[in-house]
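In what follows, a structure is listed as structure tokens, so that the remarks can point back to it.
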Amino acid sequence: MLRFLVRRVLGASVILLLISAVTFFLFFAAPGDPALLACGKNCTPDALTIIRENLGLDKSIPHQYWLFLSGIFTGRDFAIGHCDAPCLGVSFNDRTMVWDTIIDRLPVTVSLTVGGLIIFLTLGIGAGLLAAAKKGTMVDKAASSTSLVLSSLQIYFIGPVVLGAVVYSTGWLDAPQYNEFFDGPMAWAAGLLIPWVVMSLIFTAQYTRMTRAMMIEQLQEDHVRTARAKGMGSKYVFFRYAWRGAMVPIVTILGMDLGGMLGGAVVTEMTFGLAGIGRLAVDSVVNVDLPLTMGVMLVGATFILLFNILVDAAYAFIDPRVRLS
Amino acid sequence: MTSPSQADLIAGNGTTDGESDPPKKGKSTSSDDLVGRSPGQLMWTRFKRDRTGVIAGCVVIFFFVIAALAPVIAKLYGKNPYTLYSQEDYSLLDEYGYPTGNAGGISADFWFGIEPNMGRDIFTQLLYGMRTSLYTALVVAVLAALTGVIIGVTAGYMGGKVDYWLSRFTDFVMAFPSQLFLISMTPVITAIFVDPQKETPVHIRFFAIVGILWVLGWMGMARLVRSQTLSLREREYVDAARVSGASSARILRKELLPNLQSTILIQASYMLPSAILTIAFASFVGVGFQEPTPDWGRMFATAGRIYEDNPMYMLFPGVAMVIFILAFNLFGDSVRDAIDPKAGR
């Protein structure tokens, strides 16, 4: 287990290094002077030189990249102050530390993801299991057709529609907003309820479809038939044999979805006006705030790689045939 | 030297009535009217029997046809997506910029209503918007699928070092946060071709979007084709072909690709809708096609902004998108059933 983790973390670090290099060179090698962008309108040549020096833009690109990398581990000193150890640079736009801004926005995205995750996993897998157990009956048909329609919805379409129905026209609920969890879990949950429900509508449908398909496939497997033939209870076989096999592909997809959701809950955040990581990414691109974009990209990639490793480690627990070495 | 399916047919396992008759082994020599069927023909027979799939397929084709015929339809309808009709007729919008007529300004002249603020015709906007999205997505899906197949087959067939490095490369691109990369790279790539201060021509934007989605879209196909090729490569008929002196090119073309067909088709049937949604996503976020190019995804961004005051604008683009994606999902399901009837769903 330890060896597996060490090897995978090393591999992930190499990939992160490459991703940072590719994005860094693409960003800073592209035409258009970053200093000019940082300087904004009414820019004097003097101010431009100062910005270049402050941001280290007067050095060659490989040198800048080296400074950026070493900053992550040792911190950097800018004219506006010291940037502590995981230093991802200074925003062009408002001269704040990129790392601090990201940490500031992260709770919103994490709250969105975790809340939605709990809802759609429970409902989605539950409905999928039910549909598979009652295959061919009305329950199955209802679950399958509902999930088929729901999975064709898009957040940017159904989000405003739900907002319109329960907020704008009826006023049943308040518009979504983010409240700190530690200031009051109830306010936190109430503020995020609509985004959670809308997000889970679509994901629930996808997981229902997937769980149902996997379970039906598993229930036809030879080992399941053999277990039944040996006289094991159908419930026991359903959960201990079929569900165990169906979990492997579901966990794979879940890992991919999770990384994607944390790396960019862009649509949900934009639809509901929540200021999380996804929103930050879009804003930084609109403002051509290269260090901020770069930072968000790296954090997003880290999440994706982290979940990949977690998924692979989870295989070993689900499927005893998988050995981590 | 042929793939197993073809070999079966030559050996006489092909029957006249597809799957309904049990295979009549060794009868092929006795009569002339016994015609073998290719796997493609069998697939088509199976697909035709699935009524939902056929209807869904027609809906999908209908969308592509009206998107292709957008200029013709717009001409017959007498409007275009660029004209600000409220400038010609001030009574169309009220003082806040919202349509004066019922239900978002739907009338005999403006079938789907009028865009708030701009006063453009929604029907042609949507028509041309779908045209932009669907055909950009088609280009992306075809390019990405081809790239995936080429990389996958090369890695799987060559094996060894080539396989190792191609697979590492695939993993590497897969680790990119694709949504974030798409958002942040589109402006950078366009900046390489056009000075950021100047207006970006539509075709440059098109190439930038296609390019980025292409780079981010081929990995799934490559992985699948690689693993499939890896197992096909060891089959007896490939060995037989090699022993009888077939070149690699021939083995690829005649032995491997026909057997990869269904894998490729199935994967491609997932790629096209996902490309359409990704392009809509890019436009929604604001990095896709810009005004005045009509675009489906951007309509959602506008609609979301003004939904509180004018919900009607969301209706037609939204419903069209749901119908299209639903039809494509149903169509994809039955195509996959037709290709591989054993995958019981």
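Quick caveat: nothing in here was measured; it's all calculated off a predicted structure. Chain A is the first sequence line, chain B the second, and so forth, proteins listed ahead of strands; every chain is numbered from 1.
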Which atoms of [X] come close to chain B, meaning under 4.5 Å heavy atom to heavy atom: side chain ones, backbone ones, both, or neither?
X	value
A:Leu148	both
A:Thr23	both
A:Val22	side chain

| query | Is the shortest distance from a Lys or Arg side-chain nitrogen in A:Arg8 or A:Asp312 to a carboxylate oxygen in the other one below 4.0 Å? | reply |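 Looking at A:Arg8 and A:Asp312, the cut-off is met.
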
| query | Side chain of A:Ser151, backbone of A:Ala205: donor and acceptor closer than 3.5 Å? | reply |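 Such a contact is absent between A:Ser151 side chain and A:Ala205 backbone.
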
| said: Looking only at heavy atoms and a cut-off of under 4.5 Å, which of B:Thr186, B:Asn329, B:Ile323 has the most pairs with chain A? | reply: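 Maximum pair count with chain A is reached by B:Asn329.
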
| field | Proximity breakdown for B:Phe181 and chain A, heavy-atom pairs closer than 4.5 Å | value |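 Both backbone and side chain of B:Phe181 come within 4.5 Å of chain A.
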
Enumerate donor-acceptor pairs with a distance under 3.5 Å from any side-chain N or O in residues 278-286 of chain B to protein atoms, sequence neighbours excluded.
from, atom 1, to, atom 2, distance (Å)
B:Thr278, OG1, B:Ser274, O, 2.5
B:Ser283, OG, B:Ile279, O, 3.2
B:Ser283, OG, B:Asp295, OD2, 2.6

| said: Is the positively charged end of B:Arg168 above the ring of B:Phe172, judged by distance under 6.0 angstrom from the centroid and angle within 45° of the axis? | reply: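 Not flagged: B:Arg168 not positioned over aromatic ring of B:Phe172.
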
Please list every donor-acceptor pair under 3.5 Å in which a side-chain atom of residues 278-285 of chain A meets a protein atom from a residue at least two apart or in another chain.
from, atom 1, to, atom 2, distance (Å)
A:Ser284, OG, A:Leu280, O, 3.4
A:Ser284, OG, A:Ala281, O, 2.8
A:Ser284, OG, A:Thr293, OG1, 3.0

